[in-house]
Amino acid sequence: MHRTQLRRCLEGTSALPSDLSGWLLDLEAAHLAHPCPRQRRSDPTLSEIRKAG
């Protein structure tokens with residue numbers, strides 16, 4: 001993916017292609033289902049994900 005396309009997707013001014021979007025959603029689900037055993041409990045990003053899930 002070109003970096004401009006990625007930047008636009010992150011800014012919300014463009015959408016990801018459906019095949020890439022589906023792959024990323026599958027990848028996210030796999031990471032959430034099988035988290036790293038060495039996660040830091042105090043990581044603020046992980047805390048937000050746990051609250052949302």
Side-chain angles (χ1 to χ4, degrees):
M1 170 181 282
H2 192 276
R3 65 182 0 167
T4 301
Q5 183 182 8
L6 177 61
R7 180 182 49 78
R8 288 176 180 159
C9 291
L10 294 172
E11 291 173 347
T13 59
S14 180
L16 289 172
S18 61
D19 60 336
L20 185 55
S21 178
W23 177 78
L24 287 171
L25 290 171
D26 290 345
L27 186 60
E28 176 191 29
H31 279 282
L32 292 174
H34 306 284
C36 177
R38 295 185 182 185
Q39 289 181 356
R40 295 182 316 166
R41 297 289 177 209
S42 61
D43 188 321
T45 302
L46 294 174
S47 297
E48 288 181 27
I49 292 172
R50 286 186 199 106
K51 287 178 189 175

Asker: If I take atom OG from residue S14 and atom CZ from residue R7, how far apart are they, to the nearest 0.5 angstrom?
Answerer: 10.0 Å
Asker: Rounded to the nearest 0.5 Å, what separation is found between the CD atom of E11 and the CG atom of L6?
Answerer: 9.5 Å
Asker: Before giving the answer on side-chain contact (heavy atoms from CB on, under 4.5 Å), spell out for R8 and T4 the whole-Å C-alpha distance, their side-chain angles and the decisive distance to 0.1 Å.
Answerer: CA-CA 6 Å; R8 288 176 180 159; T4 301; 3.6 Å; yes
Asker: Using atom types as modelled and distance alone, determine if a side-chain donor or acceptor of S21 lies under 3.5 Å from a backbone N or O of L16.
Answerer: no
Asker: What is the distance from atom CZ of R3 to atom CG of L10, rounded to the nearest 0.5 Å?
Answerer: 12.5 Å
Asker: Begin with the C-alpha distance, continue with both residues' side-chain angles, and end with the deciding distance and a verdict on side-chain contact (heavy atoms from CB on, under 4.5 Å) for L27 and W23.
Answerer: CA-CA 6 Å; L27 186 60; W23 177 78; 3.8 Å; yes
